[in-house]
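Below, each value reflects all heavy atoms present in this structure, side chains not excepted, and no hydrogens, waters or symmetry copies.
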Amino acid sequence: MSQNLDEKADLQQTRKRIADVYGTVPDLLADGLERLIERCRKATPQTEPDANTSDATIGTPLWDHRDVVLITYADQVSDGDTAPLNAQHDFLVRHELDKRIRCVHLLPFCPSTSDDGFSVADYLAVDPAFGTWDDIQSLGQDFDLMYDLVLNHSSQKHEWFQKFLAGDEEHADFYCTANPDTDLSSVIRPRSLPLLTRFDAKSGELNVWTTFSADQVDLNYSNPEVMLRMIETLVEYAVRGARIIRLDAIAFLWKEIGTTCLHLPQTHAAVRLMRHVLDQAVPGTIILTETNVPHAENISYFGNGDDEAQMVYQFSLPPLLLDAIHSGDSGVLADWMRSLNLPTDQTTYFNFTASHDGIGVRPAEGLVPPERINALAALVLDRGGKVGMRANGDGTESPYELNITYLDAVADRRSVSPAEHSRRFLATQAVMLSMRGIPAIYFHSLVGSPSDIEGVEASGIPRRINRHKYTVAELEAVLEPADSLQRRVFEGYQRLLDVRKEQVAFDPIATQEVLDLPRDGLVGFVRKHPDGDTLTMIANLSDQPRAVTPEQVGVIYQQDVLAEEQLDPTESLNLRPFQVRWLV
């Protein structure tokens, strides 16, 4: 009887979530989602939840101190004999990374027509050039998995869009269109490309909304059938092994002429609906929202802490770390860290310094003076990188994305030795690995890849600078020389991960208290786990030695677990240039 009452309450909540998006409850969507949830419940017997936990987690923590994510392409590594998914799987296991990394984020692996996977032509297929669903399930035997749901748009080659152009009645409203004479000047754009693209359809000329590119046609979520199809896809990804699902470009989801079409209330309501359905259908699945925008807008996708995303990207971290190293002022980074709060212990941050995209500098707006962002842009250009510019309202332009590997952004390989270069880079990674949240490592950061200038020149795509694909032979060759930069980074990173996985204080549930240290390159904080484990991170992000007094640390410590050094907590703590200490 109790179970029937609970299910009835869940159905009522589903309808409420739908009404929050549409104002009404379209029967097609309500009935479809109810059938979807029921089907999943029958396929997976429900476990009674612990009395002190939410239904979604069923008594199991969402994360712990062992959580580390590797961001990689499905075809990142190939050997010419097996599917790239298997070749990469073999590489990771051969180097015992399955003992150091818990989750693998496979960037879009579906058939795609552009944007390195983000123009999806079939949401439920694996590109045969990468492998099969069986290969992904095999990877899932050694790692947890994270998938992308590219939900703002599909490829123009997708079956849905082809039927839309052909005048198929079922797909008539699947994509967003607009009259080209309409004033769309309020719409916020991520790229300086036409917002509307003209297509010849059976019914005549159609001007389709293309937020990102002419090949990426925007889905129309005001049509409940589109919402149903995409939530079915979301749930299918969870059923097929995704522990974490990344909602790509979610901020642009809902279109309403006369608005910015960014972060609209209907978009947040859609995230709440997706979260609710996942909690009922595949409990414990984590939603990660991807919104490369200023910090306050980014964290709005936590909702009230229980109803939207469990994780959001820490987009401000990459540019702020770079600024601290190159400006010599670590105070901005420390002040920002001090402002970080979480609404509940069921939410956390997705910490990273590099990904398949460039280093976004919009998330540093309002935190770093414009002249320091311009200085970073100039530095990137000097090192062979690219800078994406965006138009401002006054007719000027300003940087929005730096295209360069994070390794080459941190130091200039033309003037810095491999030993010094790796030390500077690994300092930034140690800070990232220490922060409250779940750390995410891009494959090219793990193996110390240089900027792929040739890849940019051959493709004309600036983001290819950080997307080089390796053969196994090439990768093993560049990692072989004992004193090479890539070998130093790869071994140094593995050392960081080996030490990190033993520190319970790195659990996302552990608090983070920022220390009041001199702002000339020093930054530090204390991580405290509810069970009592404590770890203090202190980093010297400058090229000069620094010292910290016991009073400045304020926490008793006996050992630096990174340096494997016993320490006297009554004496000043010395730090070499670009040294990070993990004190316990």
Side-chain angles (χ1 to χ4, degrees), residues 1-60 62 123-124 147 149 151 170 173-174 219-245 247 250 253-254 264-289 301-310 343-344 346-347:
M1 180 67 176
S2 174
Q3 183 176 357
N4 290 335
L5 290 175
D6 289 343
E7 290 181 1
K8 184 175 181 181
D10 290 340
L11 292 176
Q12 292 175 340
Q13 185 67 12
T14 302
R15 289 176 173 265
K16 179 183 182 303
R17 294 295 189 208
I18 293 171
D20 288 344
V21 180
Y22 293 97
T24 61
V25 182
D27 289 339
L28 178 147
L29 181 56
D31 294 344
L33 293 181
E34 288 168 9
R35 287 194 300 270
L36 177 63
I37 292 169
E38 181 63 21
R39 185 165 67 249
C40 289
R41 283 177 165 170
K42 287 181 178 178
T44 306
Q46 300 296 296
T47 305
E48 286 298 319
D50 184 283
N52 296 318
T53 61
S54 70
D55 290 346
T57 59
I58 315 183
T60 302
L62 285 174
Y123 287 101
L124 296 179
Y147 304 160
L149 180 60
L151 75 176
E170 183 181 357
D173 295 317
F174 257 53
L219 289 155
N220 177 20
Y221 283 86
S222 66
N223 178 354
E225 176 72 19
V226 171
M227 183 72 77
L228 176 60
R229 298 280 191 97
M230 294 308 289
I231 292 181
E232 287 174 339
T233 304
L234 175 75
V235 170
E236 183 66 17
Y237 284 1
V239 169
R240 288 179 179 259
R243 176 186 171 205
I244 306 171
I245 300 175
L247 302 185
I250 182 65
L253 185 80
W254 198 272
L264 295 189
Q266 296 93 330
T267 296
H268 282 282
V271 176
R272 290 194 294 272
L273 174 61
M274 294 174 191
R275 166 73 182 273
H276 169 76
V277 173
L278 268 183
D279 282 352
Q280 305 308 312
V282 194
T285 307
I286 297 168
I287 286 179
L288 168 64
T289 48
Y301 287 85
F302 279 138
N304 66 16
D306 290 311
D307 61 352
E308 289 192 42
Q310 291 100 332
T344 69
Q346 295 298 301
T347 58

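- Partners of E170 according to the side-chain hydrogen bond (donor to acceptor under 3.5 Å, both in side chains) rule, which considers only residues two or more places apart in sequence or in another chain, are R229.
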Checking side-chain contact (heavy atoms from CB on, under 4.5 Å) for the pair L228/L33: CA distance, chi angles, key distance, verdict? CA-CA 7 Å; L228 176 60; L33 293 181; 3.8 Å; yes

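- Exactly one residue among E308, R17, Q280, Q310 makes a side chain to side chain contact (heavy atoms under 4.5 Å, CB included) with R275. That residue is Q310.
- Taken to the nearest 0.5 Å, the CZ atom of R272 stands 12.0 Å off from the CD1 atom of I287.
- Put simply, CG on L273 and CG on L278 are 10.0 Å apart, with the number rounded to the nearest 0.5 Å.
- Nearest heavy-atom pair, L253 versus A270, reported as atom, atom and distance to 0.1 Å: CD2-CB, 3.6 Å.
- To the nearest 0.5 Å, atom OG1 of residue T344 and atom CG of residue N304 are 8.0 Å apart.
- No option in V277, L11, D10, V282 other than V277 meets the side chain to side chain contact (heavy atoms under 4.5 Å, CB included) test with I37.
- Scanning all heavy atoms of the two residues, the minimum distance from L62 to G284 falls at CD2-O, 3.8 Å.
- Partners of R243 according to the salt bridge (charged side-chain N to carboxylate O under 4.0 Å, His left out) rule, which considers only residues two or more places apart in sequence or in another chain, are D67, D144.
- Listed by chain and residue number, nothing satisfies the side-chain hydrogen bond (donor to acceptor under 3.5 Å, both in side chains) test with E232 (two or more places apart in sequence, or in another chain).
- A distance of 14.0 Å separates OG1 of T285 from OH of Y237, quoted to the nearest 0.5 Å.
- Residues passing the side-chain contact (heavy atoms from CB on, under 4.5 Å) test with P343 are F302, T347, sequence neighbours excluded.
- The CD1 atom of I231 lies 7.5 Å from the CD1 atom of I18; values are rounded to the nearest 0.5 Å.
- Taking the ring pair (Phe, Tyr, Trp, His ring centres under 6.0 Å) definition, one finds that H268 meets it with Y301, sequence neighbours left out.
- Evaluation of the side-chain hydrogen bond (donor to acceptor under 3.5 Å, both in side chains) rule for R15 yields E34 as partners, not counting sequence neighbours.
- The heavy-atom pair separating V21 from Q266 by the smallest distance is O-CG, 3.7 Å.
- With sequence neighbours excluded, the residues forming a side-chain hydrogen bond (donor to acceptor under 3.5 Å, both in side chains) with S222 are N220, listed by chain and number.
- Residue pairs meeting the ring-ring contact (aromatic ring centres under 6.0 Å, His included) criterion with at least one member in residues 11-36, sequence neighbours excluded: Y22-W254.
- D27 pairs by the side-chain contact (heavy atoms from CB on, under 4.5 Å) definition with D31, not counting sequence neighbours.
- Contact detail for A281 and V235: the closest heavy-atom pair is CB-CG1, 4.2 Å.
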